Enquirer: 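Attaching a single structure in structure tokens format; questions to follow.
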Number of protein chains: 2
Amino acid sequence: MKDKKDNNPIPQEIRFAALAVDIVCFRVADGDLEVLLGKVATDNNKYKGWWAHVGGLVQIDETAEQAVDRLLSDKAGINKIYKEQLYTFSAINRDPRGRVVSVAYIALTDGTNTQDLAKARVETVWKRVGSLPKLAYDHDEIIRVAIERLRSKIMYTDIARYFMPKEFTLSELQKVYEAVTGEGVDKRNFRKRIIALGILKDTRRTIKKGVMRPASLYTFK
Amino acid sequence: MKDKKDNNPIPQEIRFAALAVDIVCFRVADGDLEVLLGKVATDNNKYKGWWAHVGGLVQIDETAEQAVDRLLSDKAGINKIYKEQLYTFSAINRDPRGRVVSVAYIALTDGTNTQDLAKARVETVWKRVGSLPKLAYDHDEIIRVAIERLRSKIMYTDIARYFMPKEFTLSELQKVYEAVTGEGVDKRNFRKRIIALGILKDTRRTIKKGVMRPASLYTFK
DNA sequence: TCAAAAGTGTTGCTCATACACCCATGA
DNA sequence: TCATGGGTGTATGAGCAACACTTTTGA
């Protein structure tokens, strides 16, 4: 992709920075909030072999959003995912290779996501946010901000929906809230509140897992 | 400043974009929410003579935050102001001169601000947000997002403090809330709520304006 | 009948809203 | 005494938190 013709009329001398995106991609699996990490593979990079958020350079003919979709697909085999812009990090030495300004995004996917690992061009792993290694670049800082934002938004929006598969039980939804906030909630109060919001639809069908009473299945409206 | 040596080890061919900041600077004056606009002065620019948010290019040796401080000071004569990052706009054709990615900031100042007009290198004006002209570039979109964010944050944070002078009356503070939200509030309920937050301190002094009962002066803790 | 998760109501508290009159001042 | 904005209390309803037992199922 670097062979694209540079037909940008902006003078070269003021184009000092490379523009990148970094994607903090979350899921909830087995009651744990997890984040997608990719192994740094570029040579001449003191962080080679470290774990980092998936990301890369924005190209001349795409927006930051388009770069996010492309990089998630190419590097991690993840497609059609919910995303929102998080923050832009412009510290001068955040990348030891030179001035790189990064627009960070949060992305959410459901725990049963279909990651096309055949397409993924980077070694990736899902790590619980409670036990992360030291990350490359300023990615520790980025994920700190991302978790803070995610915890705050799950309280007053319905973003939890992007963690859920099409159909789910109320217990599963509750586990997602608890995994994100890190705190347990009362089952009756949770169900009352979430039903009162009017964002769920009862499918009138049930699912049975193991030796127990079947649970009602819901979808988001 | 463009004469700075380009000692960036990032290869020239991936540095396609210019990085800019745009600053949506608000104040409340005479009960109206106003925004600072600067007249576009660059030649070879189809927007020359239009009004736009104050902004400019980020330089190689400064962060976006530092660029905001520098540009507000140089172009508008405004110093030491509260600011927070709003959103990064990366649409490909947002600037007709070429690919410019802009990190937008919100800045707030009090209505009695001391703008050093002698230093200001750009013609500026404060405009009521209710009667804005069509702005240059994508600045209509930027201010739409900025106002949305400001209205939302004034409801659950204490950012209103940055609109106030050191000391102020409760009526003045209420006017700021009303100017930002665009809606009137009940005086008794407003005072009860704001006092209950515990963020104000009564100076035990009063101020008298015109022919009326003096009002108590408060400060933010 | 046991294990395991599903499902269900009531009470008290806190907080937001609606609403109207007297006070202090200088002209 | 009048005009102007400053300053105050109460009642009602909504929404949230605390709290424990019964139901359904298959082994």
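Computed from a predicted model, the values in this text were never measured in an experiment. Here is how names work: the chains are called A, B, and so on, in the same order as the sequence lines, proteins then strands, and each is numbered from 1.
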Enquirer: How long is the line joining CD of Gln174(A) and P of dG7(C), in whole Å?
Expert: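 About 12 Å, once rounded to whole Å.
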Enquirer: I want to check one thing: is the phosphate of dG6(D), taken as OP1 and OP2, less than 4.0 Å away from some side-chain N or O of Ser216(B)?
Expert: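 False: Ser216(B) side-chain N/O out of range (4.0 Å or more) of dG6(D) OP1/OP2.
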Enquirer: May I have the distance from Asp186(B) (atom CG) to dC15(C) (atom P), rounded to whole angstrom?
Expert: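 Result: 18 Å.
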Enquirer: Which is true for Thr169(B) with a 4.0 Å heavy-atom rule: it touches a base, it touches only sugar-phosphate, or it touches nothing?
Expert: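 Touches nothing.
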Enquirer: When you compare the side chains of Tyr177(A) and Glu183(A), does any donor N or O come within less than 3.5 Å of an acceptor on the partner?
Expert: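 No, no side-chain donor-acceptor pair sits under 3.5 Å.
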Enquirer: Tell me the interatomic distance from Tyr218(A), atom OH, to dA6(C), atom C1', rounded to whole angstroms.
Expert: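 In whole Å, dA6(C) C1' lies 11 Å from Tyr218(A) OH.
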Enquirer: For nucleotides 20-23 of chain C, print each protein N/O atom paired with a nucleotide N/O atom at under 3.5 Å, atom names and distance only.
Expert:
from: dA20(C); atom 1: N1; to: Arg188(B); atom 2: NH1; distance (Å): 3.3
from: dC23(C); atom 1: O2; to: Arg213(B); atom 2: NH1; distance (Å): 3.0

Enquirer: In Å and rounded to the nearest 0.5 Å, what is the OG1 to CD1 distance from Thr181(A) to Ile147(A)?
Expert: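 Rounded to the nearest 0.5 Å, the OG1-CD1 separation comes to 12.5 Å.
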Enquirer: Any protein N or O atoms within reach of nucleotides 15-17 of chain D? Criterion: under 3.5 Å, listing atom names and distances.
Expert:
none

Enquirer: In whole angstrom, give the distance that lies between atom CZ of Phe190(B) and atom P of dG9(D).
Expert: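 From Phe190(B) CZ to dG9(D) P: 18 Å.
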Enquirer: Does Ser171(B) put a side-chain nitrogen or oxygen below 4.0 Å from OP1 or OP2 of dG6(D)?
Expert: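 Yes, such a contact exists.
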Enquirer: Are more than 12 heavy atoms from other residues, nucleotides or ligands located less than 6.0 Å from atom CZ of Arg151(A)?
Expert: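 Atom CZ in Arg151(A) is crowded, with more than 12 foreign heavy atoms closer than 6.0 Å.
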Enquirer: Anything under 30° is parallel, anything over 60° is perpendicular, the rest tilted; go ahead and classify Tyr137(A) against His139(A).
Expert: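 If you compare the ring of Tyr137(A) with that of His139(A), the planes turn out tilted.
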Enquirer: Tell me whether the count of non-hydrogen atoms from other residues, nucleotides or ligands lying under 6.0 Å of CE in Met212(B) goes above 12.
Expert: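 Counting neighbours around CE of Met212(B), more than 12 heavy atoms of other residues, nucleotides or ligands fall under 6.0 Å, so yes.
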Enquirer: Using the ring centroid of each side chain, check whether Phe163(B) and Phe26(B) are separated by less than 6.0 Å.
Expert: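 Ring centres of Phe26(B) and Phe163(B) not closer than 6.0 Å.
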Enquirer: In this structure, how many angstroms lie between the C1' atom of dG5(D) and the CD atom of Glu178(B), rounded?
Expert: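 Distance, rounded to whole Å: 14 Å.
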Enquirer: Could you measure the distance from the CG atom of Leu173(B) to the CG atom of Leu200(B)? Nearest 0.5 Å is fine.
Expert: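 So the gap between those two atoms works out to 6.5 Å.
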Enquirer: Apply ring pair (Phe, Tyr, Trp, His ring centres under 6.0 Å) to residues Phe168(A) and Phe220(A) and explain how you reach the verdict.
Expert: CA-CA 9 Å; Phe168(A) 51 87; Phe220(A) 276 95; 5.3 Å; yes
Enquirer: Tell me the interatomic distance from Ile195(A), atom CD1, to dG9(C), atom P, rounded to whole angstroms.
Expert: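 Going from Ile195(A) (CD1) to dG9(C) (P), I get 13 Å.
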